[in-house]
Amino acid sequence: MNLRRRILRWFGRHPGATGYALLSPAIGWLVLFFLVPILVMLAYSAMRRGTYGGVEPTLTFEHYRRFFDPLYLAVLQRTLVWSAVTTVVCLLIGYPVAFVIARATRWRPLLLFLVVLPFWTSFLVRMFAMIFLLRDTGFINGVLLRLGLIDEPLTLLYTRGAVLLGLVYGFLPLMILPIYASLEKLDDSLLEAAEVLGARPVARFARVIWPLSLPGVVAGSLLVFIPALGSFVTSDLLGGAKQVMIGNLIQNQFTVSRNWPFGSAAAFVVMAIVLVAVLLYLRRRDARELLGCSARWLAGSSSSRPWCPCSSTRRW
Amino acid sequence: MTSARLDPVVEFQSVSKSFDGKRAVDDVSFSIQPGEFFSLLGPSGCGKTTTLRLLAGFEPADPGTGEIRINGRRVNEERPWERGVGMVFQNYALFPHLSVERNVAFGLEQRRVPRAEIPDRVHRALDLVRLDPREFGRRAPSQLSGGQRQRVALARALVLEPRLLLLDEPLGALDLKLRKEMQLELKSLNRALGITFVYVTHDQEEALTMSDRIAVMDRGRIAQLGTPADVYENPRTAFVASFIGESNFFSGRSEALGDRRWRITSAHGVFEVVAEPGVRVAAGAEVGIAVRPEWMDVYPLDQTPPEENAVPGTVQEIIYLGETLHVLVALDAGGTAKVAVRNEGQLIKPIPWTRGARAAVAWLPEDCQVLEPSE
Amino acid sequence: MSLFLHAPLVTLIVFSFNDSRFSASWTGFTLEWYRRMLERNDILEGLGRSLLVGAIATVVATTFGTLLALALARHRFRGRRVVESLLYLPLVTPEIIIGISLLSLFVFLGVPLGLGTITVAHVAFCVAFVTVVVGARLRGMGRQLEEAAMMLGADEWAAFWKVTVPQLMPGIVSGALLAFTLSFDDYVITSFVSGSGSSTLPLVVYGMVRRSIEPSINAISTVIVVATSGLLLLADRAGRSAGLRS
């Protein structure tokens with residue numbers, strides 16, 4: 001008891017120390033198992049490949065040079081295009097959905113629950129659901145055959161379309177939630193004010209709703225673009241061997257080809273692209289807040305509670 | 001007011017507190033007598049809440065500045081729970097996860113009061129604030145009205161029988177009628193229990209109603225400390241004169257007439273004024289004076305009493321307030337004076353003024369305040 | 001909309017009860033695939049490992065994440081921006097990069113891959129999510145309740161357990177559930193840091209999906225979907241009843 005009092009007194013006199021004591025376990029863990037690994041990976045990417053996997057401690061940039069071979073650049077280009085297309089499609093589908101949910105009153109909790117549910121459902125299960133629908137003996141082909149609309153199964157699986165469909169299906173909730181979070185804050189009286197000032201529906205959207213939801217759009221786009229950029233499960237399961245993304249390339253170097261340095265170099269290129277995107281994004285602090293907000297929504301809040309943390313201007 | 005020289009309950013000796021290099025509390029000293037109802041009054045940001053938090057122990061005073069004493073004991077190094085002080089918070093701060101009873105019992109449990117005693121003391125505390133323990137004891141704070149929450153917060157602090165109770169704008173969230181009611185109740189609790197109250201408020205009327213003494217704070221310093229009558233009737237600075245009640249201000253060059261009488265030559269004319277004892281006026285300097293609206297009168301230009309100071313102008317507006325009438329007079333030399341006139345019945349004995357009439361505002365030399373220059 | 005988001009899952013569930021091996025047509029109701037699922041040792045073992053890793057990772061990540069959220073919300077300290085950046089980076093780093101970099105570290109240090117390395121990895125990517133969720137709850141709280149407790153004689157330790165923690169509970173529960181789900185579902189990172197004989201459920205399912213298509217995968221998927229929905233509803237109920245009280 002006396003010791004406890006003395007410890008508390010000491011912390012009372014050193015308010016900064018309490019903060020460090022509280023943050024050190026988590027930050028220590030993140031430094032050891034997030035930051036250091038990234039640095040090890042960076043180091044690997046500049047070393048010679050070992051004979052049986054692994055590396056030799058010799059400095060080289062051959063892996064980066066090799067990455068700029070047209071063969072690999074094509075993979076990178078394809079990955080960038082697909083991620084961008086996924087993001088745009090998610091935005092086109094997700095924005096109206098988020099808008100409807102944010103404007104709904106009675107059904108809002110249910111609608112939100114329905115959007116959150118697929119996010120919480122295992123990504124693998126959702127990808128399997130896509131396979132189940134798309135494969136030759138799958139549900140869609142089965143129905144079409146039975147209806148007599150086609151004579152033989154269409155090739156739906158293992159196509160570019162299948163991968164894109166899978167990516168959109170997988171990441172759509174990540175687009176809807178931040179946009180919803182930003183639209184939910186939108187005060188009805190702002191729209192009424194715009195209306196009184198003579199703004200027709202299109203102008204109300206363009207001049208009031210869209211600018212105010214922009215942080216959500218930016219956050220959502222990033223939340224979709226980044227995982228799409230690094231994804232390999234979708235292209236592996238729905239694209240087969242033909243539709244290779246950069247993620248497959250990296251994974252392959254670490255499993256089958258056992259060329260870790262080259263895999264690390266490719267991963268580092270992806271990381272660099274992500275960092276550029278994040279740095280652009282961090283300049284919008286309001287968007288950054290929405291990241292936290294969406295994470296909270298993801299964490300099982302299907303009812304609309306009055307204390308959405310976004311309303312605060314403090315970052316943490 | 002307690003005039004006997006008892007040992008003070010609270011002493012502040014040149015205490016300062018800075019946030020990010022900015023002084024929120026600047027070299028403040030005062031002492032509070034046992035049983036006193038002591039108010040810290042001022043606009044937001046004046047340092048009154050920081051002063052209270054220094055006393056509670058939530059903020060450490062700037063190292064090496066002054067000393068804070070409670071019951072004669074230096075408490076600068078003590079943490080809040082070691083100071084044995086009660087506190088009522090602005091938004092009640094009732095624990096939402098505990099029932100009313102458990103909220104009130106919290107402090108007793110924390111002080112390791114024997115289990116068997118607790119229910120009885122909780123009941124007595126709730127009775128004291130006039131909440132029926134049987135009806136409200138089991139309720140959650142969310143099931144209470146604002147006034148009831150206020151009473152629970154009070155019971156929670158009083159159950160520990162502190163010698164000193166801190167109240168941080170406790171009535172701020174209540175509506176006007178309930179506020180007035182609680183003001184009287186707080187005052188009578190203060191008298192009945194003999195507990196010293198330190199009360200923070202930005203509401204001058206509230207402070208005047210309840211306090212034995214008021215410390216008016218401005219930009220981290222105590223602008224004036226005194227009884228309600230002192231600060232209202234003898235405001236020392238322009239800040240106090242305008243923050244508490246309303247005042248008309250004039251200024252001009254001073255000229256000593258002796259026996260605390262001064263002649264002030266201003267743009268509005270030449271006035272004769274009487275300074276309060278202790279007010280330092282430098283001869284030949286620019287001096288400000290404040291005149292309360294209710295100490296002024298309005299006269300036709302040719303009928304001003306010769307012993308009064310008079311300023312000519314034109315009646316601009318007459319505002320009917322029921323008990324009084326406010327007459328706004330646009331002064332010839334610029335500015336507007338507000339005069340409060342008792343309403344003696346406009347239907348039977350209407351005032352002889354109409355908008356646009358020529359008139360003079362006038363007051364007796366002793367009915368105004370000579371102000372000290374504010375720093 | 002619902003057609004796109006939910007129809008695939010609903011179809012999947014319905015056909016887990018289909019008598020036919022081929023999904024094209026409905027031939028009758030059966031629980032055969034569930035029986036087969038329960039007979040497979042790899043699935044049950046994978047499930048056991050996932051639950052174990054998920055439980056440990058959740059406890060550690062929730063504890064550390066909550067403490068970090070407290071530090072960020074309640075304390076002033078130097079290097080705040082660095083700490084925040086370190087917190088945000090895992091949220092926006094592609095999983096594959098976290099996976100291979102951890103693999104590189106473990107191999108570099110000569111740590112044998114297994115359930116231990118999986119748990120360490122899961123804690124690393126869950127901490128940030130917990131911090132964000134708990135931090136959101138903390139921001140709405142303010143310090144007044146703790147100060148009130150201190151004025152009633154509670155020292156900081158007592159105030160933390162008697163006031164802060166009960167108030168924070170909905171946030172902690174949400175954060176823990178999120179951490180558990182992330183850990184339980186993770187395939188990408190786990191696939192890199194697992195060793196032989198330490199396959200978690202997602203790894204087993206992935207292998208099944210790639211190798212063959214048989215309706216017992218539908219059965220597992222159904223169980224996972226139903227379990228997640230149940231958990232989600234439970235979390236919501238807990239959050240709501242806590243919300244009512246506050």
Side-chain angles (χ1 to χ4, degrees), chain A residues 4 8 16 18-20 22-23 25-27 29-30 33-34 36-38 40-41 44 97 117-118 120-125 128-130 132-133 137-139 142 226-227 229-230 232-233 237 247 250-251 254 263 267 270-271 274 278 292 295-296 298-303 305 307 309 312 316, chain C residues 1 5 8-9 11-12 22-25 64-65 67-68 70-73 75 77 83 86 90 92 94-97 100-102 104-105 108 120 123-124 127 129 132-133 135-136 139-140 155-157 174 177-178 181 185 187 202 205-206 209 217 221 224-225 228-229 232 235-236 239-240 243:
Chain A
R4 173 167 140 192
L8 287 175
T18 323
Y20 289 122
L22 290 174
L23 65 80
I27 291 304
W29 199 284
L30 286 177
F33 301 114
F34 175 74
V36 169
I38 298 271
V40 171
M41 181 190 88
Y44 271 26
V97 174
L117 183 61
W120 272 59
T121 305
S122 149
F123 193 80
L124 272 186
V125 167
F128 175 64
M130 278 289 136
F132 183 74
L133 289 182
T137 56
F139 184 73
I226 289 176
L229 201 62
F232 70 90
V233 170
L237 292 180
I250 297 171
Q251 190 230 11
F254 272 84
V270 173
M271 190 75 199
V274 168
V278 170
R296 206 183 65 74
L298 299 180
S301 170
S302 68
S303 61
R305 299 208 193 97
W307 42 272
S312 162
W316 278 94
Chain C
M1 181 54 219
L5 269 184
L9 289 176
T11 319
L12 189 77
F22 302 102
S23 49
S25 52
F64 288 7
L67 294 179
L68 177 54
L70 278 167
L72 286 169
H75 295 277
F77 51 84
V83 169
L86 198 57
V92 293
E95 284 179 298
I96 188 171
I97 293 181
I100 60 164
S101 62
L102 273 168
S104 306
L105 176 80
F108 178 74
V120 164
V123 170
V127 162
F129 285 93
V132 168
V133 173
R139 274 201 297 184
D155 60 19
E156 271 151 345
W157 183 252
S174 299
L177 278 167
L178 182 61
T181 314
D185 276 350
Y187 167 75
V205 172
Y206 195 88
V209 171
I217 307 177
S221 302
I224 294 176
V225 170
T228 345
S229 321
L232 190 55
D236 189 51
R240 238 188 268 197

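This is a predicted model, so every value here is computed, not measured. Side-chain atoms are counted along with the backbone in the values below, which use heavy atoms only and exclude waters and symmetry mates. Chain A is the first sequence line, chain B the second, and so forth, proteins listed ahead of strands; every chain is numbered from 1.
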If you look at every heavy atom in [X] and [Y], which pair is closest and at what distance?
X	Y	answer
A/L22	C/L67	O-CB, 3.3 Å
C/A71	A/G19	CB-O, 3.5 Å
A/F254	C/S104	CE2-OG, 4.0 Å
A/A129	C/L12	CA-CD1, 3.9 Å

With sequence neighbours excluded, residues passing side-chain contact (heavy atoms from CB on, under 4.5 Å) with C/F108: A/V40, A/Y44
By side-chain contact (heavy atoms from CB on, under 4.5 Å) - contacts of A/A267 (at least two apart): A/M41, A/I250, C/I97, C/I100
Let me know if [X] has heavy atoms under 4.5 Å from chain A in its side chain, its backbone, both or neither.
X	result
C/V127	side chain
C/L9	both
C/E95	neither
C/T181	side chain

Are side-chain heavy atoms of [X] and [Y] found at a separation under 4.5 Å?
X	Y	result
C/I217	A/F132	no
C/D185	A/F123	no
A/F128	C/V205	no
A/M130	C/P8	yes

Under 4.5 Å from any heavy atom of chain C - which part of [X]:
X	result
A/P25	both
A/L229	neither
A/V274	side chain

Chain C contacts, top residue of A/L124, A/T18, A/I38 (heavy-atom pairs, under 4.5 Å): A/L124
Contact leader toward chain A among C/S101, C/P94, C/P202, where contacts are heavy-atom pairs under 4.5 Å: C/S101
Heavy-atom pairs under 4.5 Å with chain A, option from C/I224, C/L70, C/L86 with the top count: C/L86
Can you tell me how far [atom2] of [Y] sits from [atom1] of [X], rounded to the nearest 0.5 angstrom?
X	Y	atom1	atom2	value
C/L72	A/I27	CG	CD1	7.5 Å
A/L117	C/T228	CG	OG1	7.0 Å
C/I96	A/M271	CD1	CE	13.0 Å
C/Y187	A/F232	OH	CZ	5.0 Å

Aromatic plane relationship, C/F64 with A/W29 - under 30° parallel, 30 to 60° tilted, over 60° perpendicular: perpendicular
